[in-house]
Amino acid sequence: MGQLYVPTLKETPSDVETKSHEYLLRGGFIRKVAAGVYTYLPLGRRVLLKVENIVREEMDRIGAQEILMPIIQPAELWKRSGRWDDYGPEMMKLKDRHGRDFTLGPTHEEIVTELVKDEVKSYRQLPLVVYQIANKYRDEIRPRFGLLRAREFIMKDAYSFHSSWESLDEVYELFKKAYSKIMERLGVKYTIVEAESGAIGGSVSHEFVIPARIGETNVLYCDRCGYQASDEKAEYRGEYPATDEEEKNLEKVPTPGIRTIEEVSNFLGVPPSKIVKSLLYKGRDGYVMALIRGDLELNEAKLKAYVKDQSLRLATPEEVLEDFGVPIGFIGPIGVDVRKVADHSVRYLKNFVVGGMEEDTHYVNANQPRDFRVDEWCDLRTVVEGDPCPVCGTPLKATKGIELGHIFKLGTKYSEAMGAYFMDEEGRLRPFIMGCYGWGVSRTVAAVVEQFHDEDGMIWPLTIAPYRVVVVVVNVGDEEQRTMGEKIYRALLERGEEVVLDDREVSPGFKFKDADLIGFPVRVNVGKSLKDGFVELKKRYSRDVVKVSVRNGLSEFFEALERIKMEYDPKEMLR
RNA sequence: CGGGGAGUAGCUCAGGUGGCCAGAGCGCCAGAAUCGGGAUCUGGAGGUCGCGGGUUCAAGUCCCGCCUCCCCGACCA
């Protein structure tokens, strides 16, 4: 271990926020180069490679074929798919010496579609599934939490091409199984949730999430029927009963300086549930007004998905003032000529309050369709803990998690945009039906630490531990200990074990602390009990020490080690 | 991008009202003694005080500009 490049840190760097970040840094696995950009040191690299290999094996097993696509991608392809603007600010863009635009690939749908388009011409060649494990670049608004949200990261991305939806469904299921298998091999606790497809596009989507306090995916789940969905996707299917309240006369009232729902509610003495929130969004095709009951939260992801425009964003106060002549806070649906999309919660509301479309005024007793027309009705409501499960009606529960895998049924979005067609049985040209499947490889490293650690450091599962065994020579001044340590080390190496020998001339405590921080699953202490012919074996997460005799050779030791490895399961410590 | 904070030794940080203030602990190097939970002692190396400009006899310290990093909000593997 003296030779190993593992610069461990006793003190916590000041800018870490999460345990995985702290321990990976302190344990000498990674070092930061810039915000969201890291170097992997030998231990980090080893873990990364192990995760990669698990993912690779499971991909190969379902017939996906590994390829490698370029990181640098010409803008032209992205303009053709329409995502140069949609993905826009998140892309790391650059120009070559001739001034041509390029991007460091945030994902590879464009490249792969372009590739297959030129090579695959017949339904006979389908389905085709390819994948790669490569660096991805996303200029995140705010990189955070070390490897969990980096700007340069390693992802496995797979793409499938089909001649029929049935074939896509089959492959989609294969990926679902493969991803579950990866989770199982990592030995982590995980859940599969229904998800929104976001900027990738497409219809059906699932996320593979591991629960964690610092997770950024909010998961809603039902104890009773097993429904699980991300908060971006979770549907609201509750009832909005009609009332027999009579429609009163529309009235414009002065509301000086009263802008927020809360202020309006207090000022007019009306509950938030009788106010309709009007939000102006700006997208590719101009303005969209979204309407929802005042006591509910609008789910932007649902709105984007509904209008099929990922570039949609809330209009700025300046834009609203300029284009509508009204400060935000007073905008409303009456007398405004924009596309209006309303949440179902607005449907049977009677005599509600909306903005007056004039500074310092609101309308009271508004009613639709009498006073304004809603163009489309849909579900825009953010589902929260306690809302009814859309499947069985039981109140939902909420938790947070880290998204490791995300699979999508894309359909023909990219193939149509990129003009990628094949010829079917009847000799007709048809666009490929596609699926895409991502797995955050570098994020997995951090997520596993997030799930398995204690106050002393990381606790690696055997499957991805940088080394499985550390042999600690407690007192290197003791000739006998040193000799036995080396003997055991060499014997383990010969048996193909991934092992390191810690014979550094530092105090025993120092070596124990390092071993715990790094999280070797099994520690072998060659210490004072060697006098009586024993060495000790210890699982990282357990206090128990097993003494085995090495007086008559190492066979007893090997047996004990195998037994410990069989039993080893960091999930034991999760309770 | 908006709001808040920070850049001084490899790491964690002190000094900040201008001048005998270039500092501590840890780490590193040499040595001593020691060896079951980051021990101890002695000696030593190590800094463009983020960068650029300005004010001043004198600037980590005051002023201006810039850069980087971190935290809180909208994005995603």
Side-chain angles (χ1 to χ4, degrees), chain A residues 7-17 21 25-26 31-37 51 55 86-91 106-108 133-158 179 195-200 205 207-210 215-217 230 232 300-301 304 310-314 316-317 402-408 436-447 456-457 472-478 481-482 504-517 523 525-530 536 538 543 545:
Chain A
T8 55
L9 268 25
K10 181 147 69 170
E11 281 162 302
T12 306
S14 56
D15 54 1
V16 308
E17 201 66 11
H21 192 191
L25 235 27
R26 283 185 51 206
R31 284 292 182 265
K32 184 171 76 178
V33 175
V37 180
V51 174
V55 172
D86 258 23
Y87 228 108
E90 214 170 295
M91 294 199 287
T107 173
H108 284 72
I133 296 174
N135 280 4
K136 292 283 183 291
Y137 297 82
R138 294 187 190 169
D139 196 1
E140 296 284 347
I141 301 160
R142 188 144 85 85
R144 218 188 325 196
F145 302 150
L147 262 30
L148 285 176
R149 173 169 239 74
R151 292 195 294 176
E152 177 183 82
F153 59 98
I154 299 170
M155 178 163 118
K156 186 282 303 174
D157 47 326
Y179 276 24
E196 190 48 65
S197 41
I200 307 290
S205 167
E207 286 178 30
F208 289 72
V209 170
I210 87 168
E216 297 180 272
T217 299
S230 80
E232 296 188 343
E300 222 167 79
K304 284 180 181 174
Q310 289 299 322
S311 66
L312 207 67
R313 58 169 177 78
L314 214 47
T316 65
I402 299 167
E403 175 189 348
L404 289 189
H406 201 159
I407 59 180
F408 307 83
C436 81
Y437 319 86
W439 186 280
V441 172
S442 47
R443 174 180 281 184
T444 299
V445 175
D456 292 316
V472 176
V473 177
V474 178
N475 179 1
V476 288
D478 181 327
Q481 287 185 22
R482 224 178 46 229
R504 291 175 297 174
E505 292 184 39
V506 292
S507 70
F510 194 99
K511 285 178 277 202
F512 294 152
K513 285 286 186 189
D514 261 2
D516 286 351
L517 177 61
R523 192 173 86 204
N525 293 336
V526 183
K528 59 189 174 191
S529 52
L530 186 62
E536 300 151 359
K538 185 184 164 300
R543 298 216 172 284
V545 170

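Order of the sequence lines fixes the chain letters, A, B, ..., with proteins taken first and strands second; residue numbering starts at 1 for each chain.
With hydrogens and angles ignored, a donor-acceptor pair under 3.5 angstrom links the side chain of Asp516(A) to the base of rG37(B). For Glu11(A) and rG10(B), a side-chain-to-base donor-acceptor distance below 3.5 Å is absent, hydrogens and geometry of angles not being considered. Between the base of rG37(B) and the side chain of Arg523(A) there is a donor-acceptor pair shorter than 3.5 Å. For rG38(B), its base sits under 3.5 Å from the side chain of Asp514(A) at one donor and acceptor pair at least. At a cut-off of 3.5 angstrom, the base of rC71(B) holds no donor-acceptor pair with the side chain of Arg144(A).
Atom CE in Met91(A) sits about 17 Å away from atom C1' in rA77(B), given to the nearest Å. Rounded to whole Å, the distance from CH2 on Trp439(A) to P on rC76(B) is 19 Å. Here the P atom of nucleotide rA77(B) and the CG atom of Asp157(A) are 11 Å apart, to the nearest Å. When rounded to the nearest whole Å, the span between CG of Asn135(A) and C1' of rA77(B) equals 13 Å. To the nearest angstrom, P of rC1(B) lies 12 Å from CD1 of Ile141(A). For Leu314(A) and rC75(B), the CG to C1' distance is 15 Å, given to the nearest whole Å. If you measure from atom CD of Glu140(A) to atom C1' of rC69(B), you get 17 Å, rounded to the nearest angstrom. For Arg149(A) and rC75(B), the CZ to C1' distance is 6 Å, given to the nearest whole Å.
Looking at heavy atoms from C-beta onward, Lys511(A) lies in side-chain contact with Arg504(A) at the 4.5 angstrom threshold.
Residue Ser529(A) has its side chain nearest to rG36(B) when only rG38(B), rA77(B), rG36(B) are considered. Closest approach to the Glu403(A) side chain among rC75(B), rG36(B), rC76(B) is made by rC76(B) (side chain taken as heavy atoms from C-beta onward). Of the candidates rA77(B), rG27(B), rC69(B), the closest approach to any side-chain atom of His406(A) belongs to rA77(B). The Glu216(A) side chain lies nearest to rC75(B) when the options are rG38(B), rC75(B), rU12(B). Comparing rG38(B), rA77(B), rC35(B) by their closest approach to the side chain of Arg26(A) singles out rG38(B). Considering only side-chain atoms of Phe408(A), the nucleotide from rC35(B), rA77(B), rC76(B) that sits closest is rA77(B).
Nucleotides rA30(B) and rA45(B), compared at atom P, are 15 Å apart to the nearest Å. As rounded to the nearest Å, rG18(B) and rA24(B) have C1' atoms that lie 23 Å from one another. Rounded to the nearest Å, the gap between the P atom of rC21(B) and that of rG52(B) is 27 Å. Comparing rG38(B) with rA77(B), their P atoms sit 44 Å apart, to the nearest whole Å. As rounded to the nearest Å, rC62(B) and rC28(B) have P atoms that lie 35 Å from one another. Rounded to the nearest Å, the gap between the C1' atom of rG50(B) and that of rC41(B) is 38 Å. Across rG27(B) and rG36(B), the matching C1' atoms stand 23 Å from one another, rounded to whole Å. Comparing the C1' positions of rU17(B) and rU61(B) gives a spacing of 10 Å, expressed to the nearest Å.
Arg31(A) comes within 4.0 angstrom of no nucleic acid atom, judged by non-hydrogen atoms across all strands. Nucleic acid contact class of Asn525(A) (heavy atoms, under 4.0 Å, all strands): base. Looking at heavy-atom distances under 4.0 Å, Glu152(A) makes no contact with the nucleic acid at all. Using a 4.0 Å heavy-atom distance criterion, Ile154(A) is classed as making no nucleic acid contact. At a threshold of 4.0 angstrom between heavy atoms, the contacts of Lys32(A) are confined to the sugar-phosphate backbone, with no base atom among them. At the heavy-atom level, Thr444(A) lies nowhere under 4.0 Å from the strands shown. Contact annotation for Glu207(A): no contact, since no heavy-atom pair falls under 4.0 Å across all strands. Residue Pro7(A) is classed as having no contact, given no heavy-atom separation below 4.0 Å to the nucleic acid.
The base-pairing partner of rG38(B), taking Watson-Crick or G-U wobble contacts with both distances under 3.5 Å, does not exist among the strands shown. Across the strands present, rC11(B) finds its partner in rG25(B); the criterion is a Watson-Crick or G-U wobble pair with both atom distances under 3.5 angstrom. Under the Watson-Crick or G-U wobble criterion, with both distances below 3.5 Å, rG65(B) is paired with rC51(B). Across the strands present, rA33(B) finds no partner; the criterion is a Watson-Crick or G-U wobble pair with both atom distances under 3.5 angstrom. In this structure, rG2(B) and rC72(B) make a Watson-Crick or G-U wobble pair, each of the two defining distances being under 3.5 angstrom.
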- salt bridge (Lys or Arg N to Asp or Glu O under 4.0 Å) between Lys136(A) and Glu152(A): does it pass, once the steps are laid out? CA-CA 6 Å; Lys136(A) 292 283 183 291; Glu152(A) 177 183 82; over 6 Å; no
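Of all heavy-atom pairs between Ala195(A) and Ser230(A), the closest is CA-OG, 3.9 Å. Of all the heavy atoms in Leu148(A) and Ala447(A), the pair that sits closest is CD2-N, 4.0 Å. The two residues Lys156(A) and Ala158(A) come nearest to each other via the heavy atoms NZ-CB, 3.6 Å. Between Glu232(A) and Ala301(A), the shortest heavy-atom distance links the atoms CB-CB, 3.7 Å. The nearest pair of heavy atoms linking Leu25(A) to Pro13(A) is CD2-CG, 4.0 Å.
Centre separation under 5.5 Å together with a plane angle under 30° holds for the ring of Phe153(A) and the six-membered base ring of rA77(B), marking them as stacked.
The 5' end of RNA chain B is approached more closely, in terms of each residue's nearest nucleotide, by Glu536(A) than by the other of Glu536(A) and Val16(A). Nearer the 5' end of RNA chain B, as judged by each residue's closest nucleotide, is the contact made by Leu9(A), out of Leu9(A) and Arg443(A).
Side-chain nitrogen and oxygen atoms of Arg142(A) include none within less than 4.0 Å of the OP1 or OP2 phosphate oxygen of rA74(B). Taking only side-chain nitrogens and oxygens, Ser507(A) never comes nearer than 4.0 Å to OP1 or OP2 of rG38(B).
Under the 6.0 Å distance and 45° angle rule, Arg151(A) does not count as a cation-pi partner of Tyr137(A).
A glycosidic torsion no more than 90° from 0 defines the syn conformation, and rG60(B) adopts it.
Classification of the Trp439(A)-Tyr179(A) ring pair by plane angle, with boundaries at 30° and 60°, yields perpendicular.
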